[in-house]
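Comments concern the structure below.
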Amino acid sequence: EALLNRLRVQGKARGWLRMEAVATLELLRLGADHGIGDAAHLAQRADEVLAHEAMPAEPSTFREALQCFRLASAFSAALHGFDMTQLDRLTAVVAEFDVQHGVPLAIRAKLLLARVYVQHGAADRARGAMTEAFTRAQDAGMLQTLRDAGPWAHALVPQLYAAIEPTTAE
């Protein structure tokens with residue numbers, strides 16, 4: 001947590017928006033899983049950046065940073081105020097990651113969607129999102145990402161966890 005906070009602060013201070021955005025996203029994930037951090041402050045910062053920066057049409061590091069902030073904001077809103085509006089917003093952002101971003105971020109986005117479903121008791125939807133994340137991770141040779149997701153993910157789909165035992169992963 002301390003390292004991610006330092007990355008986030010340094011990214012903000014130096015204008016390295018992507019570093020700040022990815023650290024913010026990871027801190028929100030850790031906060032949801034372990035009850036650490038200040039989710040409200042992190043989500044507020046994401047919303048501030050999004051309010052002041054226009055989303056460029058062309059693919060770029062800047063666009064990816066803004067998308068990470070969009071994912072952080074949508075994840076926080078859906079996690080803490082689960083209704084169809086927030087869920088639709090998060091689902092739309094996650095779908096954009098599937099199309100426009102690299103595999104690691106797309107996998108992380110699917111995991112965050114699954115985490116929201118778990119938080120609010122929608123186990124079937126959570127399993128669907130986890131299955132999509134597993135398929136992407138397996139195809140990319142990135143099963144460690146799923147192992148790192150934590151006990152909530154392992155409990156959700158035990159058969160997926162069995163498939164990513166350390167002896168068969170990366």
Determine whether a donor-acceptor pair (N or O, by modelled atom type, separation under 3.5 Å) exists between the side chain of Ser76 and the backbone of Ala72.
no
Quick one: do Val9 and Leu3 end up in the same hydrophobic cluster if we chain Ile, Leu, Val, Met, Phe, Trp and Tyr together by side-chain heavy atoms under 4.5 Å apart?
no
Got Arg8 and Glu26 here, is their nearest side-chain heavy-atom distance under 4.5 Å?
no
In this structure, would Leu71 and Leu27 fall into the same cluster of hydrophobic residues linked by side-chain contacts under 4.5 Å?
yes
Looking at Ala149, is its backbone amide N or carbonyl O close enough to the side chain of Trp152 to form a donor-acceptor pair, meaning the two atoms are under 3.5 Å apart?
yes
Heavy-atom check, side chain of Lys12 versus side chain of Met19, under 4.5 Å
no
Between Glu132 and Lys110, does any NZ, NE, NH1 or NH2 come within less than 4.0 Å of an OD or OE carboxylate oxygen?
yes
Closest non-hydrogen atoms of Arg63 and Glu58, given as atom of the first, atom of the second and distance, are CD-O, 3.5 Å
Within-4.5 Å side-chain heavy-atom neighbours: Val94 and Leu112:
no
Distance check, rounded to the nearest 0.5 Å: Gln86 atom CD versus His80 atom NE2?
11.5 Å
Is the closest side-chain heavy-atom distance between Leu4 and Val22 below 4.5 Å?
no
Any chance you could lay out the side-chain contact (heavy atoms from CB on, under 4.5 Å) test for Asp148 and Gln144, step after step, and finish with the verdict?
CA-CA 6 Å; Asp148 293 345; Gln144 181 66 40; 2.6 Å; yes
side-chain contact (heavy atoms from CB on, under 4.5 Å) between Glu53 and Phe62, worked out:
CA-CA 10 Å; Glu53 301 290 350; Phe62 182 68; 3.4 Å; yes
Residues Thr24, Cys68; criterion side-chain contact (heavy atoms from CB on, under 4.5 Å); working and verdict
CA-CA 8 Å; Thr24 297; Cys68 285; over 6 Å; no
Please report the closest heavy-atom contact between Ala21 and Ala65, naming both atoms and the distance.
CB-O, 3.4 Å
What is the distance from atom CG of Leu90 to atom CG of Leu113, rounded to the nearest 0.5 Å?
5.0 Å
Kindly give the heavy-atom pair with the smallest separation between Leu66 and Leu50, and that separation in Å.
O-CD2, 3.5 Å
Is Trp16 close to Leu7 at the side-chain level, that is, under 4.5 Å between some pair of heavy atoms?
no
Cluster check Leu111, Val118: I/L/V/M/F/W/Y, side chain < 4.5 angstrom:
yes
Heavy-atom pair of closest approach, residues Leu146 and Ala133:
CD2-CB, 4.1 Å
Mind checking whether Phe69 and Leu25 have side chains closer than 4.5 Å, heavy atoms only?
no
Spell out, yes or no, whether Val93 and Val49 are grouped together once hydrophobic residues are joined by side-chain heavy atoms under 4.5 Å, including indirect joins.
no
Close side-chain approach of Leu87 to Arg125, heavy-atom, < 4.5 Å:
yes
State whether the side chain of Arg18 and the backbone N or O of Thr61 hold a donor-acceptor pair below 3.5 Å, judged by distance alone.
no
Looking at Glu20 and Arg14, is there a salt bridge between them, counting it only when a charged N and a carboxylate O are closer than 4.0 Å?
no
Is there a donor-acceptor contact under 3.5 Å from the side chain of His120 to the main chain of Arg115?
no
Between Leu28 and Phe75, what is the shortest heavy-atom contact and its length?
O-CE2, 3.8 Å
List the steps, then state whether salt bridge (Lys or Arg N to Asp or Glu O under 4.0 Å) holds for Asp124 with Arg127.
CA-CA 5 Å; Asp124 288 343; Arg127 273 191 288 282; 2.7 Å; yes
To the nearest 0.5 Å, atom CZ of Arg136 lies from atom OG1 of Thr131 at 14.0 Å
For Ser73, enumerate each residue passing the side-chain hydrogen bond (donor to acceptor under 3.5 Å, both in side chains) test, keeping only those at least two apart in sequence or located in another chain.
Asp47, Arg89
